[in-house]
Amino acid sequence: MWIATDLHAHSGYSDGTASPEAVVSARAAAALSVIALSDHDMFAGVRRAATQAAAVGLRLIPAMEATSFFHFGRSDAEQVHILAYFPPRFLLGERLEQTFLFQRGLRVQARWREFIGTWLDGLHADDRQALDRDGELMALPADRFPGLQLLIGRIVAGRPQLFRHFIRSHVRFWSEDRELFGWTPAELIDAIRADGGVDIVAHPARYRDKAELARLLLGASGVEAYTSRHRPAWAAQFRAFAETHGKLWTASTDDHQKPDAPYAPPESPTPAWVVERLLDEPLPAARTPGGACTSVESGR
């Protein structure tokens with residue numbers, strides 16, 4: 001059995017442009033069943049997304065796309081992203097907020113705001129005023145501070161000549177902060193599991209070090225097979241790997257809300273047993289037209 005899902009998407013809190021509510025509404029309009037908001041290294045929009053999901057009848061899985069590195073600090077360093085999924089019951093009370101990854105996310109938000117403030121301080125006064133008129137941007141607290149794409153939009157609108165300077169500068173946020181991001185993927189997976197989450201390697205085709213990737217996939221719980229970053233042949237390859245090795249595999253869009261591009265759901269559903277593993281509970285049974293019961297509520 002299959003479930004119509006989108007288990008990887010971003011909002012304006014990281015490198016998307018939409019609100020958490022808009023991300024959820026787009027998936028409701030596409031008739032999906034189970035979704036996740038997975039901003040980079042933080043859960044900032046998850047509760048807003050969960051409220052909207054409940055209002056439109058979707059199941060939302062609390063998630064984060066967390067950053068680690070192959071070869072941090074070396075010339076061949078590359079970011080490796082691990083999707084961390086938590087059962088929806090973590091939204092009851094403050095269980096999610098008590099996880100290590102949530103608290104790490106708060107530090108990420110604070111340091112992102114500090115990083116942007118330092119970058120602005122290095123600009124000519126006229127340029128800073130154009131981007132942060134009367135200090136209104138830096139007056140925002142860390143939990144309301146715009147993410148990467150929203151800041152890029154502000155720069156393009158206010159000082160387009162600074163775009164390339166910002167793009168060259170912003171990569172240092174990840175590449176120079178060993179405490180927050182200088183983790184190996186294995187160390188990050190251990191942290192996810194210690195918090196009670198499930199680890200899925202995000203868009204594996206993008207990583208250059210194929211030997212390290214092979215070791216990572218064997219040690220991970222699962223792999224994102226279908227994503228907008230994958231050609232059909234790549235998706236088939238990673239799905240086959242997962243099925244051969246008994247790994248979870250998922251279908252997602254990695255949606256960042258591209259300008260003038262309407263939302264399109266993943267090309268594949270996700271197996272029901274994988275969705276149940278991420279939810280950590282069985283999907284409700286539904287009665288088919290013939291009267292027989294199935295183990296899932298919906299699919300395609």
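None of the values given here were measured: they were computed from a predicted structure.
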- Give a yes or no on whether the backbone of Ala9 and the side-chain of Ser38 come within a donor-acceptor separation of less than 3.5 Å. yes

- Query: Are the side chain of Gln52 and the backbone of Pro20 linked by a donor-acceptor contact shorter than 3.5 Å?
  - Reply: no

- Can you list the residues that meet the salt bridge (Lys or Arg N to Asp or Glu O under 4.0 Å) rule with Glu281, with sequence neighbours excluded? Arg59

- Look at the aromatic rings of Phe166 and His170 and report parallel, tilted or perpendicular, splitting at 30° and 60°. parallel

- Side chain Gln129, main chain Asp134, donor-acceptor under 3.5 Å: yes

- Message: Ignoring hydrogens and geometry beyond distance, is a side-chain donor-acceptor pair present between Ser68 and Glu187 at under 3.5 Å?
- Response: no

- Task: Using salt bridge (Lys or Arg N to Asp or Glu O under 4.0 Å) as the criterion, list what pairs up with Asp126, not counting sequence neighbours.
- Result: none

- Thr270 side chain to Ala251 backbone, donor-acceptor under 3.5 Å: yes

- Can you measure from CD1 (Ile192) to CG (Asp199) and round to the nearest 0.5 angstrom? 5.5 Å

- Item | Residues that Arg231 engages under side chain to side chain contact (heavy atoms under 4.5 Å, CB included), provided they are two or more places apart | Trp234

- Counting only N and O atoms by type, is there a donor-acceptor contact under 3.5 Å from the side chain of Gln109 to the main-chain atoms of Ala44? no

- Any residue meeting side chain to side chain contact (heavy atoms under 4.5 Å, CB included) with His245, in chain and number order, not counting sequence neighbours: Leu218, Phe241, Lys247

- Query: Sequence neighbours excluded, which residues qualify as salt bridge (Lys or Arg N to Asp or Glu O under 4.0 Å) partners of Asp39?
  - Reply: none

- Which of these, Ile82, Ile189, Leu248, sits in a side chain to side chain contact (heavy atoms under 4.5 Å, CB included) with Ile200? Leu248

Could you pull out every donor-acceptor pair under 3.5 Å between side chains of residues 171-179 and any protein atom, sequence neighbours left out?
unit_1	atom_1	unit_2	atom_2	d
Ser175	OG	Val171	O	3.1
Asp177	OD1	Arg111	NH1	3.1
Asp177	OD1	Glu179	N	3.4
Asp177	OD1	Leu180	N	3.2
Asp177	OD2	Arg111	NH1	2.9
Glu179	OE1	Arg111	NH1	3.1
Glu179	OE1	Arg111	NH2	2.4

- Residues that Phe238 engages under ring pair (Phe, Tyr, Trp, His ring centres under 6.0 Å), provided they are two or more places apart: His230

- Can you name the side chain to side chain contact (heavy atoms under 4.5 Å, CB included) partners of Ala36, sequence neighbours left out? Leu7, Ile61, Ala63, Tyr85

- Ignoring hydrogens and geometry, is there a side-chain-to-backbone donor-acceptor pair from Gln257 to Ala18 under 3.5 Å? yes

- Message: With a 4.5 Å cut-off on side-chain heavy atoms, are Phe86 and Leu101 touching?
- Response: yes

- Sequence neighbours excluded, the answer for ring pair (Phe, Tyr, Trp, His ring centres under 6.0 Å) partners of Phe100 is Trp183

- Counting N and O atoms only, with roles assigned by atom type, does the side chain of Ser228 sit under 3.5 Å from a partner on the main chain of Thr253, one being a donor and the other an acceptor? yes

- With sequence neighbours left out, which residue pairs that include part of residues 19-28 fulfil the salt bridge (Lys or Arg N to Asp or Glu O under 4.0 Å) condition? Asp6-Arg27, Glu21-Arg48, Arg27-Asp255

- Working for side chain to side chain donor-acceptor pair (under 3.5 Å), residues Asp41 and Thr67: CA-CA 6 Å; Asp41 299 297; Thr67 301; 2.7 Å; yes

- Message: Nearest 0.5 Å, please: how far is CZ in Arg113 from OG1 in Thr118?
- Response: 10.5 Å

- Task: Please work out which of the three classes, parallel, tilted or perpendicular, describes the rings of Phe70 and Tyr207, given edges at 30° and 60°.
- Result: perpendicular

- Does Thr51 reach the main-chain N or O of Arg47 with its side chain, forming a donor-acceptor pair under 3.5 Å? yes

N/O donor to acceptor pairs below 3.5 angstrom from side-chain atoms of residues 139-159, sequence neighbours left out:
unit_1	atom_1	unit_2	atom_2	d
Arg154	NH1	Leu131	O	2.8
Arg154	NH1	Glu136	OE2	2.8
Arg159	NE	Asp127	OD1	2.6

- Message: Could you tell me if the side chain of Val24 sits less than 4.5 Å from the side chain of Leu37, heavy atoms only?
- Response: no

- Non-neighbouring partners of Tyr226 that pass ring pair (Phe, Tyr, Trp, His ring centres under 6.0 Å), sequence neighbours left out: Trp249

- Which pair of non-hydrogen atoms, one from Pro265 and one from Tyr263, has the smallest distance, and what is that distance? CA-OH, 3.6 Å

- How far does NE2 of His10 sit from CG of Asp254, to the nearest 0.5 angstrom? 4.5 Å

